[in-house]
Amino acid sequence: MTGRILVTGATGFVGSRLVNHLADTGFAVIAMSRKELKGPFKSIQVQSLSNHQFSEHEFADVSAIIHCAARVHIMKESAGDPLAEFRAVNVDGTLNLARQAASAGVKRFVFISSIKVNGEQTHCGKPFTPDDAPSPEDAYGVSKFEAEHGLKELSAETGMEVVIIRPPLIYGPGVKGNFRSMATLIERGVPLPLGAIHNKRSMCALDNLVDLITACIDHPAAANQVFLAGDGEDLSTTELLHKVAKAKGKTAHLIPVPASILSICASLVGQKAVATRLLGSLQVDVTKARNLLGWEPPLSTAEGLRRCFDSGDLP
């Protein structure tokens with residue numbers, strides 16, 4: 001595909017890695033964010049995608065947009081109406097950008113969605129697939145699903161190709177949230193009651209996601225498809241903690257407490273959602289990306305974790 005690649009959310013966890021990767025591999029990149037960026041690419045500042053009116057200059061020679069900007073899932077939500085806040089950014093902002101892109105003749109729109117569109121849990125050994133009926137449970141997942149729906153309608157109306165990618169937990173240099181907290185506990189040698197968890201969860205190394213996004217920029221078979229992203233290997237929480245410790249050159253001090261007891265304790269202290277992530281299963285099937293795109297995750301989970309900690313961005 002000829003033309004420039006516009007990346008939104010270019011200062012974010014995924015976007016910042018993506019713009020540098022694309023520039024390094026020879027793409028002409030436009031990095032869009034709330035602040036000016038410096039690098040081997042053109043930079044555009046946009047404060048709010050929900051009401052921004054794009055000029056011909058901003059879309060000049062743009063053949064594809066990779067939309068990473070989003071209001072992300074928040075563990076400690078403070079908004080009075082979280083769904084309205086998520087919709088303003090993740091639905092209104094996405095569709096405002098996409099409508100104007102279609103009018104300007106942009107050929108392809110790659111939307112970074114979330115596995116939360118599929119749901120929060122799977123039965124162990126029965127992973128989510130791209131063709132499963134959506135079942136979002138929280139405001140973030142609902143907003144991503146509504147954005148996907150709006151993009152599909154827009155594609156049908158205008159002919160602009162839409163590609164949707166739903167990653168599970170993304171980890172890599174600079175990751176925050178629960179993953180960073182877990183790494184900190186391992187680093188400090190804190191004993192954790194997670195030595196007997198037999199769930200299965202999929203994750204996605206940042207560089208694996210960036211590689212899949214890159215494949216979707218111009219692959220003919222990616223047009224108007226939904227893909228799930230992942231490392232292609234699933235781990236229990238216990239296995240993950242041991243792998244994190246190994247990547248850090250540490251030992252995981254894990255106490256074998258039954259998952260049923262941990263679940264009851266978590267419910268009693270109002271941490272049921274945390275227990276779901278630690279004790280429940282969430283698997284994704286990346287077979288569609290393999291079959292349609294010939295894509296294979298370039299990094300194993302072990303290598304992805306090593307890169308996480310070798311960067312020096314994590315404790």
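Computed over heavy atoms, backbone and side chain alike; hydrogens, waters and symmetry mates excluded.
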Please report the C-alpha distance between Leu235 and Lys243 in whole Å, then the side-chain angles of each, then the deciding distance to 0.1 Å, and finally whether the side-chain contact (heavy atoms from CB on, under 4.5 Å) criterion is met.
CA-CA 9 Å; Leu235 302 172; Lys243 282 185 176 288; 3.6 Å; yes
Applying side-chain contact (heavy atoms from CB on, under 4.5 Å), run through Thr237 and His198 and close with a yes or a no.
CA-CA 7 Å; Thr237 298; His198 305 295; over 6 Å; no
List the steps and the verdict of side-chain contact (heavy atoms from CB on, under 4.5 Å) for Glu296 and Asp211.
CA-CA 9 Å; Glu296 286 292 334; Asp211 192 75; over 6 Å; no
Full working for side-chain contact (heavy atoms from CB on, under 4.5 Å) between Leu278 and Ile197
CA-CA 8 Å; Leu278 289 174; Ile197 310 304; over 6 Å; no
Side chain to side chain donor-acceptor pair (under 3.5 Å) between Gln283 and Asp234: does it pass, once the steps are laid out?
CA-CA 7 Å; Gln283 296 174 268; Asp234 302 330; 2.8 Å; yes
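Taking 4.0 Å as the cut-off between side-chain N and carboxylate O, Glu239 and Lys200 count as a salt-bridged pair. In this structure, Asp207 pairs ionically with Arg307, as a charged nitrogen and a carboxylate oxygen lie closer than 4.0 Å. Salt-bridge check for Lys116 with Glu137: failed, with every basic side-chain N at 4.0 Å or more from each acidic carboxylate O. At a threshold of 4.0 Å, the pair Glu120-Arg277 does not count as salt-bridged, since none of the basic side-chain nitrogens sits closer than that to a carboxylate oxygen.
Side-chain atoms of Glu58 come within 3.5 Å of backbone atoms of Ser55 as a donor-acceptor pair (strictly under, hydrogens ignored). The backbone N or O of Ala259 sits nowhere less than 3.5 Å from a side-chain atom of Ser263 that would complete a donor-acceptor pair. A distance-only check finds a donor-acceptor pair linking the side chain of Ser155 to the backbone of Met160 [under 3.5 Å]. A donor-acceptor contact shorter than 3.5 Å links the side chain of Thr8 to the backbone of Ala69. Without hydrogens or angle criteria, Lys176 side chain to Phe13 main chain gives no donor-acceptor distance under 3.5 Å. Checking side-chain atoms of Ser281 against main-chain N and O of Asn199 turns up no donor-acceptor pair under 3.5 Å. Checking side-chain atoms of Arg306 against main-chain N and O of Thr301 turns up no donor-acceptor pair under 3.5 Å. A donor-acceptor pair is defined here as one N or O able to donate and one able to accept, closer than 3.5 Å; no such pair exists between the side chain of Thr122 and the backbone of Pro127. Side-chain atoms of Gln100 come within 3.5 Å of backbone atoms of Phe54 as a donor-acceptor pair (strictly under, hydrogens ignored). Judged by distance alone, the side chain of Lys288 and the main-chain N or O of Val226 form a donor-acceptor pair under 3.5 Å.
Between Phe179 and Cys308 the shortest heavy-atom distance is CE2-SG, 4.1 Å. Residues Gly232 and Val286 share a closest heavy-atom pair of CA-CG2, 4.4 Å. Counting all heavy atoms, side chain and backbone alike, Ser33 lies closest to Lys35 at OG-O, 2.5 Å. Closest of all the heavy-atom pairs between Ala10 and Val7 is CB-O, 4.0 Å. Heavy-atom minimum distance, Gly141 versus Val117: O-CG2, 3.9 Å. Between Val14 and Ile170, the closest heavy-atom pair is CG2-CD1, 3.9 Å.
Between atom CD1 of residue Ile65 and atom CD1 of residue Ile5 there is a gap of 9.5 Å, rounded to the nearest 0.5 Å. In this structure, NZ on Lys248 lies 5.0 Å from CZ on Phe309, to the nearest 0.5 angstrom. Here CG of Leu151 is found 12.0 Å from CD of Glu146. Values are rounded to the nearest 0.5 Å. A distance of 9.5 Å separates CD1 in Ile112 from NE2 in His67, rounded to the nearest 0.5 Å. Ile30 CD1 to Arg4 CZ: the interatomic distance, rounded to the nearest 0.5 Å, is 5.0 Å. To the nearest 0.5 Å, the span separating CG on Asn208 from CD1 on Ile213 amounts to 11.0 Å.
Counted within 6.0 Å of NZ on Lys42, heavy atoms from surrounding residues, nucleotides or ligands total more than 12; the atom is thus considered enclosed. Remark: Arg34 CZ is loosely packed, at most 12 non-hydrogen atoms of other residues, nucleotides or ligands lying under 6.0 Å away.
In this structure, Val46 is a member of the same hydrophobic cluster as Val106, with clusters built from ILVMFWY side-chain heavy atoms closer than 4.5 Å. Residues Met32 and Leu95 are members of one and the same hydrophobic cluster, defined by side-chain heavy-atom contacts under 4.5 angstrom among Ile, Leu, Val, Met, Phe, Trp and Tyr. Following chains of ILVMFWY side-chain contacts shorter than 4.5 Å, one can reach Trp295 starting from Leu228, so the two form part of one hydrophobic cluster. Placement of Ile255 and Leu279 within a single hydrophobic cluster is found when ILVMFWY residues are connected by side-chain heavy-atom separations under 4.5 Å, directly or transitively. Val89 and Phe86 fall into different hydrophobic clusters, where Ile, Leu, Val, Met, Phe, Trp and Tyr residues are linked whenever their side-chain heavy atoms come under 4.5 Å apart, directly or through other members.
Considering only heavy atoms from C-beta on, Val91 stays 4.5 Å or farther from Lys144 through its side chain. The shortest side-chain heavy-atom distance between Phe111 and Val163 does not fall under the 4.5 Å cut-off. Looking at heavy atoms from C-beta onward, Phe227 lies in side-chain contact with Leu292 at the 4.5 angstrom threshold. Inter-residue side-chain proximity for Ile164 and Lys152 is flagged as met; some heavy-atom pair is nearer than 4.5 Å. Using a 4.5 Å heavy-atom cutoff, the side chains of Arg71 and Glu85 are in contact. Counting only heavy atoms from C-beta outward, the side chains of Pro136 and Pro134 approach each other to under 4.5 Å. Here the side chains of Arg99 and Leu154 are in contact, with some heavy-atom distance below 4.5 Å. Here the side chains of Ser202 and Asp231 are not in contact, with every heavy-atom distance at 4.5 Å or above.
Residues Thr287 and Asp285 bring a donor and an acceptor atom of their side chains to less than 3.5 Å of each other.
For the pairing with Asn118, the side chain to side chain contact (heavy atoms under 4.5 Å, CB included) check across Val284, Asp132, Thr129, Leu282 returns one residue only, Asp132. Considering Ser143, Ser50, Ser113 in turn, Ser143 is the only one that fulfils the side-chain hydrogen bond (donor to acceptor under 3.5 Å, both in side chains) rule with Asn90.
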